[in-house]
Amino acid sequence: MKIASWNVNSLKVRLPQLTQWLADTRPDVVALQETKLEDAKFPVDELAAAGYRAVYSGQKTYNGVAILARDGVHDDFGEVVTDIPGLHDPQRRILAASVGDPASGPRQTLRVVNLYVVNGKAVGDEKYAYKLDWLAKVREFLAHELERHPNLVVLGDFNICPDDRDVYDPVAWGADILCSPPERAALKAITDLGLHDSFRLFQAEPGHYSWWDYRQAAFRRNMGLRIDLILIGDALKSAATAAAIDREPRRWERPSDHTPVTLDLDLRTT
DNA sequence: ATGGTGGTCCTACCA
């Protein structure tokens, strides 16, 4: 099955690009970030016409997350979680749900946790403190999820470059926001739970990015960052067959500043 | 060079 994550930067604006990409790629599960839509305005009918069911947790103007499941992906979404236990946060940044593998039906279930990690603005900003606190509380939640669901996928816009290979100019970027040591330590604390950056199971080279600033022709110059990640638990490591970043939608008209990232899993042998 | 572009909503805020 194919799993994907895409920060669409407004689902209202990007719905044509999303439905085009769904038709081209036919992913089984898609995590969306920055939908920027209240739940009442979520395009349920348009996505149903595209062959997808959805769960979503949105708000007006900012943030907002959703999980899409292709028709044929087994069962409902299980226990849907929209809030981090112990964190009273009006910002809609987390959504957890369960999906069945279309190839093996109810025998193989994936737990999917979709994250839109806080950006943080700048090191030392109050939003930066919020980011580190948010990540620490997410880590506790993920530890709990991993205990209950070994087939865990944690994906989304992490707003952190895991290491210097994920930065177009690591010297110039230095320890600024998205690359600072405390942010990287917070991400490592999450991966140390036993979650693997699936892209790095297949590609060790630098220069592969998932986000390019709208300014300064950054995409044309490949001045990007890899901040959109699909983490998988130990139990899923042997099921991973391919990981990719699909740069194509970034070339389309009126693109998101992020492009989709994907992971292929073969659960039939696990 | 605190610039530049884009989304949301009309004045800044966020990324």
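We use all heavy atoms of the structure for the numbers below, so side chains are in, but hydrogens, waters and symmetry mates are not. This one's a predicted model, so the numbers in the text were calculated from it and none came from an experiment. The sequence lines fix the lettering, A, B, ..., with proteins before strands; numbering per chain opens at 1.
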Measure the distance from [atom1] on [X] to [atom2] on [N] and round it to the nearest whole Å.
X        : N      : atom1 : atom2 : result
A:Asn119 : B:dG6  : CG    : C1'   : 15 Å
A:Asp125 : B:dC13 : CG    : C1'   : 13 Å
A:Arg92  : B:dC14 : CZ    : C1'   : 18 Å
A:Asp213 : B:dG3  : CG    : P     : 15 Å
A:Asp176 : B:dA15 : CG    : P     : 16 Å
A:Arg220 : B:dT5  : CZ    : P     : 13 Å
A:Ile177 : B:dT2  : CD1   : P     : 20 Å
A:Gln59  : B:dA15 : CD    : P     : 11 Å

From [options], nucleotide with atom closest to [X] side chain:
X        : options               : value
A:Arg254 : B:dT8, B:dG4, B:dG7   : B:dG7
A:Tyr62  : B:dC13, B:dA15, B:dT8 : B:dC13
A:Gln216 : B:dA15, B:dG7, B:dG4  : B:dG4

*Output yes when A:Asp83 and A:Arg92 qualify as a salt bridge under the 4.0 Å nitrogen-oxygen rule, no when they do not.*
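Yes, charged N to carboxylate O under 4.0 Å.
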
*Before accepting this row, confirm whether a basic side-chain N of the pair A:Lys137/A:Glu140 lies closer than 4.0 Å to the acidic partner's carboxylate O.*
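Looking at A:Glu140 together with A:Lys137, the answer is no, because their closest N to O distance does not fall below 4.0 Å.
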
*Quick check: does any side chain N or O of A:Thr241 sit under 3.5 Å from a backbone N or O of A:Asp266, one acting as donor and the other as acceptor?*
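Between the backbone of A:Asp266 and the side chain of A:Thr241 there is no qualifying donor-acceptor contact (under 3.5 Å).
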
_Test your reading of the model: is there a side-chain donor-acceptor pair from A:Lys2 to the backbone of A:Asp28, 3.5 Å cut-off?_
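Flag not set: sc A:Lys2 to bb A:Asp28 has no pair under 3.5 Å.
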
*How do A:Gln91 and A:Lys12 order along DNA chain B: which one's closest nucleotide is nearer the 5' end?*
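Taking each residue's closest nucleotide, the earlier one in sequence belongs to A:Lys12.
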
Decide whether [X] and [Y] meet the rule of one side-chain donor and one side-chain acceptor closer than 3.5 Å.
X        : Y       : value
A:Arg93  : A:Asn63 : yes
A:Asp101 : A:His74 : no
A:Gln33  : A:Ser5  : yes

*Rounded distance in Å between the C1' positions of B:dA12 and B:dA1*: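 Result for the C1' pair: 22 Å, nearest Å.
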
*Would you please indicate if the ring centroids of A:Trp252 and A:Trp21 are separated by under 6.0 Å?*
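No.
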
*Please check the phosphate of B:dG7 (OP1 and OP2 only) for any side-chain N or O of A:Arg14 closer than 4.0 Å.*
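Yes, within the criterion.
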
_If the cut-off is 4.0 Å, is A:Ser10 near the phosphate of B:dT8, judged by side-chain N/O to OP1 or OP2?_
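Result: yes.
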
Which part of the nucleic acid, if any, lies within reach of [X] when heavy atoms closer than 4.0 Å are counted: base, sugar-phosphate only, or nothing?
X        : value
A:Lys121 : nothing
A:Arg93  : sugar-phosphate
A:Tyr116 : sugar-phosphate

*DNA chain B in dot-bracket, Watson-Crick or G-U pairs under 3.5 Å, [ ] crossing, | other strand?*
....((((...))))

